[in-house]
Amino acid sequence: VRRLVLARRTLGSLRSEKTIVLAIAIQLFIAAFSSFLVVGLVSLYDPGATEGAATVDVGVSGNASDSLAPVVEERGSRDVVRYDSRAAAMQDFRNGTIDAVLHGVRQPSGRVIVSAVAPEGSFRTTLVVAQLKEALSEYERTLRAELSHSLERQPLDLPPERQSNPYFSFTYTVLLPLLSFLPAFISGSVMADSLAEEEERGTLELLRVAPLSLPDIVDGKALALVALAPAQVALWLALLAYNGSTVANPLAVLALVTGVAAVLVAGGAALALGIGARREAQLLYSFCALAAFGAASLLPQSPQNLVARLAVGSPTALTWLSLAAVLAAAALGYAALRHLAGESAD
Amino acid sequence: MNLGKILRIARWETTRSAGDVDRKTAAAFVVVLVLIAALVPALLAYGPTPGEGMYRVAVDDDSPYHDVVESDATLAAVEPSPGAISAGHAEVLVTPDRIVAGDSAKSRAALAALRSATVSYNDRLMAQEGNQSAAFPVVVSLQYVDQNLGITGQQSGAEPSGGQTDGTEQSGDATDGTADGTQDGGTATGEQTTDGGGQAELPSGPSGGLGGVFGDSQSGTPSSLSPPFPLRSLVLAFAFLLPLNVVIQAYGSSVLAERINRRGEPMLVAPVSRGDIVAGKTLPYFLGAIALISLIAVAVGAGPLAVAAISPLAALFLAATFFGSMLARSYKELTFVTVTVSVTLTAYAFVPAVFAEVHPIAAISPLTVVVDSITGAGTEAGAFVLATVPPALVAVVLFGLGTGVYREEDMFTQLPIPSKLLDALAAPLTATWRVGLWTALFVPFVLVAELFAVAVLFVAPVTLSVPLLLASVAVIEEVAKSIHVFAGFERARFPRDARSALVVGAVSGVGFFVGEKLLLVTQLVGLPSIDVARVAFSPAVLGLPPGVLLVAPLLLHVVTACISALGAARSRVAYVGALTVAAVVHVAYNLAVVSVGA
């Protein structure tokens, strides 16, 4: 019960300092920032991603025009203007009448040499180049099929093309892991702060005069901070679901976050107790967290990958085993912390 | 300021830091750092894919598509069964005669992933063909040409390759471009003036620097074309800014530690000025940051200009942290302040740099100078000034504000951050004219904030971005003109009556008008050629008589500053209301100017 009181006080101090508001604001900013970035980047070169994207006008010239032009025009996002000479096409390109020029010359071997021209240093450059790339890849497939008699191996047919959300993979492999691990990392950091500060101010001594042992004090603080991480992540999951990105195993994701938060909080607390000064403890905590995350990325299923698999709904047996391992590590780390606290209390 | 004293404090700060660390902690630091150093090559070699096994494809072991699925980490092969999709065991089902996918968003994403994996698989397959002109029947050479000024042969090899259809793809799988038979081993750098003839090769990018990591080599097949993609800026941002976070964490702790248990008191009563203390405490961290930046610059192959460009940013990181740790009440609060500082400044450096090699807007970010330094493109003097001067000025002002509250009555009291902030803002306002001075000093903040707003908004269509930008410019400028006026009234620097409010407001407005001339720096790099930027920075250059041009903005700034000062003199609520009114007046003025100009 006393631990709960202490846990409540820890949360209360976070609330009164409005730090929790700041923490959520930061996460919101990071989420908005990375989403903005990806939406911005994708719309740079994926015309289908943004509504009402403009078409790219492509000038086609050269003796391969007859086979090249229809392929370029196949897509609604591209319009073809045919020219008799490359010079005429370049003339219009410089005037800005067309966005790109493809000059195709067919060689005796059947190969087509295309010189492509795209606008320089313009915001549309990326989009234009992406369109050219798509058109020329399609053209390559067409020609390859025509020349298939002189090939020993035959290329595979491409799977059918369907409209898909270009942000889908980003949401599950970057955004969600980021939003899951950031609260856990901050919880561990605040745990180190909280203990180091009590120690530096000398108030840890005061707390121990109260009928609380050091393990109790650590317990109370850790309880509050470990619980805070999944609570924030639950908020993000709800927000994502509201936006149409459903999360397949929300409870498993929250369990994973709780486990990671417990490991990090135990680590932060151990460092703060062992070192006693905030600057060194905090630095060492950041480095350790970084190293731990890096090392965990070498596992067959990294933490980031675990979140992605659980959230998107493709967990394997190994995913569940890894989750169990994280929870076991959390329990172990916590037990070690209690032991350490008990020792330094004596 | 006394150099000898500053150096002595700096030395003291360094030795004390080193002396504080006991042997066990030092050993732990060494172990962890060695561990991290060992992990980096392992991670680069292993290249973990965060999306590994996300999409399950039901495919038979002897189907040709089984190899495709095996070749892409995001795809995982599962046992095929007719009901695999409806049972939720797989997203895509490959049968001998066709490929079926479900209708969920995940299934469609899986199908797209399978499709692009098949394309790369085919390219690898064709690379083994004897008859290369049939295997790769299209050879393309790409040239970038300016649409208005004529041909300027431009680098086509300098763009980082590896920008696959998925923007979030990491550099781990830069395997494309190795599977072509037409590559000619060209080692041409940067400039290329290929003419539309029969040349069948594209130059590979400059080797060295980051090039090796990303596999810059480009071949002439269509799939090797890579649209200009800011992968390089992305990696650079993290390479340069992550170490700065470490520095500010240590620095913030050190500053706040002075404020705990009145530890800083002996220093305050020593015969040194506040400026000396702050400069001395900061110097070791700043030098450490410069050393780190130089190391990274050498590692990524950037020149001294890159170091010079990042240094103001490092100073800004330190300045913001210093100010934050003067306001924070506890380490917990400091942690959040530090995270806020690093996230905000990273965004400032990062967002415009995304457009490096694509658009002039990138000149705002110091990282662009770094990118240019690596590619050898060279930086114009104007662009360098724009990238470095605003952050440097903001850093100086923040240090000034923080030093203002580096005194006994503020350091050792526990107050909420907003109230400490008011203290800090009110502290320098010892005379009325100083209001104008500080308004002028806030202009770099205005510049930085407006530059950031432009960088964020210029992607949006003009009909949306221009009104949004006008509104944010008005709000930013009105806040800059009035926030310290409000602090002054709250901290009883001025009597709360209408007369002093009008005087203070007018002084603030004039100060802003004078300081605003600093914004002329944006003209140097041709930023106004962007629609959005023109609205933000030179709304008045269009077809008005010169007298009006000079007097009208002065009048505007004085009037709006007086409106908000009148509110500030009454109460907090009145201030917010008056600020809103002032912003509306400002927007109305800007709209009028824009429409007159158009």
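Chain letters run A, B, ... following the sequence lines, proteins first and then strands; every chain starts at 1. Because the structure is predicted, anything quoted here is derived from the model rather than measured. All values below come from the heavy atoms of this structure, side chains included, with hydrogens, waters and symmetry mates left out.
Interface summary for chain A: among Leu35(B), Leu33(B), Val31(B), the most heavy-atom pairs under 4.5 angstrom belong to Leu33(B). Interface summary for chain B: among Pro160(A), Ser194(A), Ser286(A), Ser302(A), the most heavy-atom pairs under 4.5 angstrom belong to Pro160(A). No other option in Arg106(A), Arg278(A), Arg162(A), Glu197(A) has as many heavy-atom pairs under 4.5 Å with chain B as Arg278(A). Contacts with chain A were tallied for Glu129(B), His89(B), Gln249(B), Arg263(B); Glu129(B) has the most, counting heavy-atom pairs under 4.5 Å. Of all the listed residues (Leu271(A), Leu151(A), Leu132(A)), the one sharing the greatest number of non-hydrogen pairs under 4.5 Å with chain B is Leu151(A). Listed options Ala76(B), Ala134(B), Ala257(B) were ranked by heavy-atom pairs under 4.5 angstrom with chain A; first place goes to Ala134(B). Among the candidates Thr316(A), Asn305(A), Leu136(A), the residue making the largest number of heavy-atom pairs closer than 4.5 Å to chain B is Asn305(A). Looking only at heavy-atom pairs under 4.5 Å with chain A, the residue among Gly53(B), Ala112(B), Pro64(B) that has the most is Gly53(B). Comparing Ala308(A), Ala295(A), Gly110(A), Pro303(A) by how many heavy-atom pairs each has under 4.5 Å with chain B, the most go to Ala295(A). Interface check for chain B: of the options Glu152(A), Glu138(A), Glu161(A), His149(A), the most heavy-atom pairs under 4.5 Å are formed by Glu161(A).
Considering every non-hydrogen atom in both Tyr46(B) and Ser297(A), the closest pair reads CE2-O, 3.6 Å. Closest heavy-atom contact between Ala291(A) and Leu39(B): O-CD1, 3.3 Å. Between Leu147(A) and Pro137(B), the shortest heavy-atom contact is CD1-CB, 3.7 Å. The shortest non-hydrogen separation linking Ala118(A) to Leu142(B) is CB-CD1, 4.1 Å.
Side-chain atoms of Arg115(B) come within 3.5 Å of backbone N or O of Pro159(A) as a donor-acceptor pair. In this structure a side-chain-to-backbone donor-acceptor pair under 3.5 Å is present from Arg111(A) to Gln132(B). A donor-acceptor pair under 3.5 Å is absent between the side-chain atoms of Thr173(A) and the main chain of Gly51(B), judged by distance alone. Between the side chain of Asn122(B) and the main chain of Pro155(A), no donor-acceptor pair closer than 3.5 Å is present. The backbone N or O of Met126(B) lies less than 3.5 Å from no partner atom in the side chain of Arg144(A), so there is not a single donor-acceptor pair. Without hydrogens or angle criteria, Lys106(B) side chain to Gly313(A) main chain gives a donor-acceptor distance under 3.5 Å. Lys133(A) places no side-chain N or O within 3.5 Å of a backbone atom of Pro222(B) that could act as its donor or acceptor partner. Using a distance-only test at 3.5 Å, with no hydrogens or angles considered, no donor-acceptor pair links the side chain of Glu140(A) to the main chain of Phe136(B).
If you measure heavy-atom distances from Tyr172(A) to chain B, the contacts under 4.5 Å come from the side chain alone. For chain B, the nearby part of Ile98(A) is the backbone; its heavy atoms alone come within less than 4.5 Å. Contact annotation for Leu125(B): both backbone and side-chain heavy atoms come within less than 4.5 Å of a heavy atom of chain A. In this structure, chain B has a heavy atom under 4.5 Å from the backbone of Leu299(A), while its side chain stays farther away. Of the two parts of Glu134(A), neither the backbone nor the side chain holds a non-hydrogen atom closer than 4.5 Å to a non-hydrogen atom of chain B. Both the backbone and the side chain of Ser137(A) have a heavy atom closer than 4.5 Å to some heavy atom of chain B. In this structure, no portion of Asp67(B) lies under 4.5 Å from any heavy atom of chain A. For Leu284(A), the parts lying near chain B are the backbone and the side chain together; criterion is any non-hydrogen pair under 4.5 Å.
Side chains of Phe336(B) and Asp193(A) form no contact here, defined as non-hydrogen atoms less than 4.5 Å apart. When side chains are defined from C-beta on, Val139(B) does not count as touching Val112(A), because their heavy atoms never get closer than 4.5 Å. Between Leu283(A) and Val246(B) there is a side-chain heavy-atom pair separated by less than 4.5 Å. Proximity of Val140(B) to Ser115(A): side-chain heavy atoms (C-beta onward) are nowhere separated by under 4.5 Å.
No side-chain donor from either of Tyr331(B) and Gln282(A) sits under 3.5 Å from a side-chain acceptor of the other.
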Take Met54(B) and Arg309(A) through the test side chain to side chain contact (heavy atoms under 4.5 Å, CB included) and record every step on the way to the result. CA-CA 6 Å; Met54(B) 257 177 88; Arg309(A) 278 181 194 255; 5.5 Å; no
Apply the test side chain to side chain contact (heavy atoms under 4.5 Å, CB included) to residues Val119(B) and Leu158(A): give CA-CA distance (whole Å), side-chain angles for both, the deciding distance (0.1 Å), then the verdict. CA-CA 7 Å; Val119(B) 170; Leu158(A) 292 189; 3.8 Å; yes
Glu91(B) vs Ser314(A), test: side chain to side chain contact (heavy atoms under 4.5 Å, CB included). Steps then yes/no. CA-CA 10 Å; Glu91(B) 280 72 54; Ser314(A) 311; 4.3 Å; yes
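In this structure, OG1 in Thr118(B) is found 6.5 Å from CG in Leu156(A), a value given to the nearest 0.5 Å. For the atom pair Leu242(B) CG and Leu290(A) CG, the distance stands at 7.5 Å (nearest 0.5 Å). Between the CD atom of Glu280(A) and the NZ atom of Lys24(B) there is a distance of 13.5 Å, given to the nearest 0.5 Å. One distance of note links CZ of Phe185(A) with OG1 of Thr335(B); it measures 9.0 Å at 0.5 Å rounding. The CD1 atom of Ile36(B) sits 8.0 Å away from the SG atom of Cys288(A) when rounded to the nearest 0.5 Å. In this structure, OG on Ser104(B) lies 7.0 Å from CZ on Phe168(A), to the nearest 0.5 angstrom.
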